[in-house]
Protein chains: 2
Amino acid sequence: MQPAHIEEIKRIVATGRVLTEEFDRYSYSFDASFGTYLPDVVIQTADVQEIAALVKLANREKIPVYPRGQSTSLSGGPLPVKGGMVLDLSVMNDVLEIDEEDLVAVVSPGVLTSEIHKAAEQKGLMYPPDPSSSHVSTIGGNLAENSGGPRGLKYGVTKDYVIGLDVITPEGEIIKTGGRTVKNVTGYDLTKLIVGSEGTLGIITKATLRLIPKPPASETIMAIFDSLVDAGAAISKILSSGILPAKMELMDQASIVAVENYEPSNLPIDAEAIILIELDGHPAAVGAEAEQAAVLCKEVGAREVRIPKTPDEKANVWKARKLVSPAIVRIKPTKISEDATVPRSKIPDMCRRLQEIKQKYNVHLVVFGHAGDGNLHPNIIADKSDKEEMRRVELAVAEIFQTAIELGGTLSGEHGIGTMKAPFLEMELGTAELDMMKRIKQVWDPNNIMNPGKIFPEPGQKLVLT
Amino acid sequence: MQPAHIEEIKRIVATGRVLTEEFDRYSYSFDASFGTYLPDVVIQTADVQEIAALVKLANREKIPVYPRGQSTSLSGGPLPVKGGMVLDLSVMNDVLEIDEEDLVAVVSPGVLTSEIHKAAEQKGLMYPPDPSSSHVSTIGGNLAENSGGPRGLKYGVTKDYVIGLDVITPEGEIIKTGGRTVKNVTGYDLTKLIVGSEGTLGIITKATLRLIPKPPASETIMAIFDSLVDAGAAISKILSSGILPAKMELMDQASIVAVENYEPSNLPIDAEAIILIELDGHPAAVGAEAEQAAVLCKEVGAREVRIPKTPDEKANVWKARKLVSPAIVRIKPTKISEDATVPRSKIPDMCRRLQEIKQKYNVHLVVFGHAGDGNLHPNIIADKSDKEEMRRVELAVAEIFQTAIELGGTLSGEHGIGTMKAPFLEMELGTAELDMMKRIKQVWDPNNIMNPGKIFPEPGQKLVLT
């Protein structure tokens with residue numbers, strides 16, 4: 001970047017900080033995925049007018065702009081792959097208003113998602129989307145990637161709760177999309193176009209989120225299976241019985257063993273799979289539904305069903321599920337976390353195919369995730385310094401994507417495309433649909449300055465993990 | 001249209017009908033809103049390849065294309081305002097599949113929405129969106145307009161249930177957006193961009209809809225108020241108590257009186273407002289919630305709360321609500337049905353302002369609708385042959401829109417912009433946001449052939465009802 005541009009940036013940013021030292025910039029060169037890319041400058045400001053002026057400068061001078069929250073992205077969303085400026089929006093965290101009458105939250109992008117959960121619950125309300133990273137990830141990142149989480153089964157994903165946005169366009173204009181009402185059909189739905197566009201269509205500076213009354217009670221069930229296929233059958237059976245659980249999570253044997261080795265949690269290491277279910281709603285309803293779900297699990301071959309009674313017992317079950325990610329990186333240091341998603345009826349097929357891929361490429365594959373909505377997380381554990389292993393991992397990942405698409409599913413359920421899955425995009429979408437997406441990008445961001453290098457593959461781009 | 005184009009259309013449409021006689025075309029010149037516009041030709045075909053070929057011809061020759069379902073639109077969505085070809089998609093009604101395992105319905109655009117309700121319920125499932133016209137409107141029209149209905153309060157609107165589409169683009173390309181999974185973040189969300197775009201971005205030829213388990217029980221409550229403001233307060237109180245009703249409908253005194261004059265339904269004609277509530281879910285939950293809601297209504301001044309017990313009694317209460325629309329057109333022949341929507345906390349303010357508008361312009365204004373989500377339906381009853389009255393109606397409608405926006409709401413909650421509200425669009429969106437919408441339209445439909453004349457106002461366009 002030209003020194004004159006840095007000087008202009010410093011003049012614009014009256015209320016924040018402009019970081020140009022290499023050690024500062026290095027902290028902004030990576031996320032939770034792969035690769036390190038040094039930005040030219042990092043800007044911390046919470047002032048919308050200043051950010052709009054920075055974007056105008058960037059657009060005029062064709063400088064890449066990379067908005068960033070806490071950078072927990074698993075797909076490379078915030079990576080500054082073409083240098084330029086990083087906007088650290090984690091500093092924009094001053095607004096967190098809960099309106100009990102309108103049932104909305106109004107939030108700044110730098111607010112942690114778990115803070116929204118807490119603030120809503122204090123007023124008897126709930127913000128349903130709960131990505132597993134919610135205690136460390138910002139709502140801005142959740143909005144950019146349209147994050148999911150276990151509650152997606154019953155409650156849907158981030159996008160389903162966003163009804164209004166303040167956005168700075170790639171040309172530096174400030175617009176407000178949607179509003180404060182759940183029903184709104186005034187013109188095109190820019191809100192839902194921008195949520196999940198991975199920061200390529202603008203910078204979100206405020207969001208209005210829909211809240212719902214917090215369900216007064218919940219029950220947890222753990223069903224233990226000697227057969228992964230039976231576990232898949234139990235999921236289908238419960239969903240078609242009229243019960244809609246808040247969460248329905250699967251852990252395969254490899255995840256169970258990893259957790260028990262990491263922190264003993266009273267999980268059955270000889271089981272081929274366990275399903276964890278959370279039911280929420282009226283106390284009378286969830287009690288009856290828990291009993292019914294237990295019976296259904298046994299009917300399809302569960303060898304044991306546990307219904308924890310105290311809040312502590314329930315919390316321990318869910319803690320075991322949360323331990324999977326930290327547990328598996330103890331096996332080997334590099335974790336490739338995928339989120340290929342299939343129609344729920346294809347969960348047993350997907351499980352079978354994943355086992356074949358594991359053997360074919362001799363990779364350490366662990367399967368767990370949000371089975372109730374078809375959003376499994378096949379994780380491959382490897383060592384990125386082992387180039388031969390990483391090449392097998394690349395092939396295995398490509399085959400996982402292909403399998404998901406063959407089964408009528410999608411490359412990404414909740415992590416986004418970013419840099420990691422861009423090479424596979426056309427395989428799912430085809431040329432014509434991809435072209436319609438590119439047209440929007442091109443006409444909204446004619447100089448391609450907003451988060452360039454994401455979603456849309458460069459010619460000949462391939463997945464490279466080494 | 002040139003005769004050569006008609007001949008080419010006839011050659012393309014091998015499996016359907018091409019209507020060119022004036023009496024046939026006249027049937028396609030109006031909808032449930034205002035104005036009559038004769039198309040040049042009407043085409044009935046259920047063949048996707050034929051429709052794609054027609055769109056290619058239209059794009060090449062710049063012929064306007066107007067897709068149409070059952071034309072129950074209240075905003076002018078299907079009106080062929082610039083002539084050209086009407087595509088009668090009500091004939092494309094062959095697919096209605098319910099998949100109990102994936103919890104989805106796959107439907108053709110010409111299927112009636114109520115048929116989807118029935119098919120889902122037969123398998124213990126529910127398709128929640130329930131626009132009041134569902135027994136006569138097609139799902140294609142619901143998708144184009146992103147229809148709402150009373151259940152929007154708890155369950156959201158049409159868009160919230162659409163996860164995949166087959167679409168013909170304005171250049172005649174066939175694309176598939178989304179898929180069969182609830183979670184999908186692969187590229188831009190074209191599904192939710194196209195749903196609600198009022199037929200201006202392409203032609204939907206198939207849709208995949210998310211279903212949920214049908215709630216096993218429901219309860220109905222009617223609360224009777226001597227004060228409209230107290231009724232508004234009751235709505236807020238119930239929603240902030242942790243109860244989320246499936247429906248929460250308001251009828252003002254004018255609607256109550258109209259229904260009783262039309263078909264006596266045991267409604268209290270001296271009440272200033274009634275609220276009708278439907279709770280659905282587990283039997284134990286809805287029973288307890290009905291009692292609690294009744295207590296809350298009495299606390300804020302309801303003079304009486306009725307909880308019908310038998311299915312017939314419940315059905316009669318909801319029938320009375322459905323009678324409002326037919327009842328009010330008995331007063332005068334012309335009904336201008338609006339759907340300006342405000343944040344729910346502003347419902348009492350909106351009711352007050354509507355009464356002021358009624359007096360200021362001396363119009364016959366009736367207020368009812370989906371109060372729980374802020375989506376009131378102020379209806380003005382008039383006689384369109386009375387030009388002086390219609391001019392007062394035009395002014396009243398404009399002031400209703402302005403009031404909704406002043407209160408933080410929107411022009412349209414569920415009917416769409418169409419021709420009727422286009423003149424007011426910029427008032428809500430501002431220049432910059434409107435420009436971002438127009439860019440999408442322009443780059444997707446460079447020859448402006450898909451439903452031209454809708455959403456985006458022509459220079460100087462005004463609301464004209466005479």
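Below, chain A is the first sequence line, B the second, and so on; all start at residue 1. All figures in this text were calculated on a predicted structure; none of them were measured in a lab.
- For the options A:Gly187, A:Ser412, A:Pro283, A:Ala284, heavy-atom pairs under 4.5 Å to chain B are most numerous at A:Ser412.
- Remark: B:Lys192 does not engage A:Asp189 in a salt bridge, criterion side-chain N to carboxylate O under 4.0 Å.
- A salt bridge links A:Glu171 with B:Arg439: the closest approach of a Lys/Arg side-chain nitrogen to an acidic carboxylate oxygen falls below 4.0 angstrom.
- Ranking A:Asn146, A:Val195, A:Leu103 against chain B, the residue ahead of the rest is A:Leu103, based on heavy-atom pairs under 4.5 Å.
- Looking only at heavy-atom pairs under 4.5 Å with chain B, the residue among A:Ile163, A:Leu239, A:Asp435, A:Asn375 that has the most is A:Asn375.
- With a 4.5 Å cut-off on non-hydrogen atoms, B:Ser236 touches chain A through its side chain but not through its backbone.
- Of the atoms belonging to B:Phe456, it is side-chain heavy atoms, and not backbone ones, that fall under 4.5 Å from chain A.
- In terms of heavy-atom pairs under 4.5 angstrom with chain A, the leader among B:Lys159, B:Lys123, B:Glu289 is B:Lys159.
- Heavy atoms closer than 4.5 Å to chain A are found in the side chain of B:His370, but not in its backbone.
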**Report entry** Full working for side-chain contact (heavy atoms from CB on, under 4.5 Å) between B:Asn184 and A:Thr341
**Finding:** CA-CA 8 Å; B:Asn184 181 331; A:Thr341 301; over 6 Å; no
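- Under the 3.5 Å distance criterion, with hydrogens and angles disregarded, a donor-acceptor pair is assigned to the side chains of A:Thr410 and B:Thr186.
- Annotation: side chain of B:Leu193 is in contact with side chain of A:Ile440 (closest heavy-atom distance under 4.5 Å).
- Only the side chain of B:Leu190 has a heavy atom closer than 4.5 Å to any heavy atom of chain A.
- The pair B:Arg344-A:Asp102 does not meet the salt-bridge criterion, since no charged nitrogen lies less than 4.0 angstrom from a carboxylate oxygen.
- Contact of B:Val342 with chain A is made through the backbone alone, with heavy-atom distances under 4.5 Å.
- Counting heavy-atom pairs under 4.5 Å between each of B:Gly281, B:Pro343, B:Gly430, B:Gly124 and chain A puts B:Pro343 at the top.
- Closest heavy-atom contact between B:Ala285 and A:Ala285: CB-CB, 4.4 Å.
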Query raised in the report: Going through the checks in order, is the side-chain contact (heavy atoms from CB on, under 4.5 Å) test met by A:Ile235 and B:Glu101?
Result: CA-CA 10 Å; A:Ile235 290 167; B:Glu101 278 201 276; over 6 Å; no
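- If you measure heavy-atom distances from A:Glu428 to chain B, the contacts under 4.5 Å come from the side chain alone.
- Highest contact tally toward chain B, considering only A:Asp160, A:Thr200, A:Leu153, A:Leu125, is held by A:Thr200 [criterion: heavy-atom pairs under 4.5 Å].
- Each of A:Val182, A:Ile455, A:Leu244 has some count of heavy-atom pairs under 4.5 Å with chain B, and the biggest count is that of A:Leu244.
- Only the side chain of B:Leu425 has a heavy atom closer than 4.5 Å to any heavy atom of chain A.
- No donor-acceptor pair under 3.5 Å is formed between the side chain of B:Lys183 and the backbone N or O of A:Asp339.
- Considering only heavy atoms from C-beta on, B:Val185 stays 4.5 Å or farther from A:Ile417 through its side chain.
- Contact annotation: the side chain of A:Val443 never approaches that of B:Lys441 to less than 4.5 Å [non-hydrogen atoms, C-beta and beyond].
- Heavy atoms closer than 4.5 Å to chain A are found in the side chain of B:Glu198, but not in its backbone.
- Although no hydrogens or angles enter the test, the distance criterion places no donor-acceptor pair under 3.5 Å between the side chain of A:Lys176 and the main chain of B:Glu433.
- Taking the side chain as every heavy atom from C-beta outward, B:Met436 and A:Tyr188 never approach each other to under 4.5 Å.
- Among B:Met126, B:Arg180, B:Lys346, the residue with the largest count of heavy-atom pairs under 4.5 Å with chain A is B:Arg180.
- The most heavy-atom pairs under 4.5 Å with chain B, out of A:His282, A:Lys214, A:Glu145, come from A:His282.
- Contact of B:Thr431 with chain A is not made at all, since no heavy-atom distance falls under 4.5 Å.
- Looking at B:Ile243, the atoms closer than 4.5 Å to chain A (heavy atoms on both sides) all sit in the backbone: N, CA, C or O.
- When each of B:Val157, B:Leu429, B:Leu201 is checked for heavy-atom pairs under 4.5 Å with chain A, B:Leu201 comes out on top.
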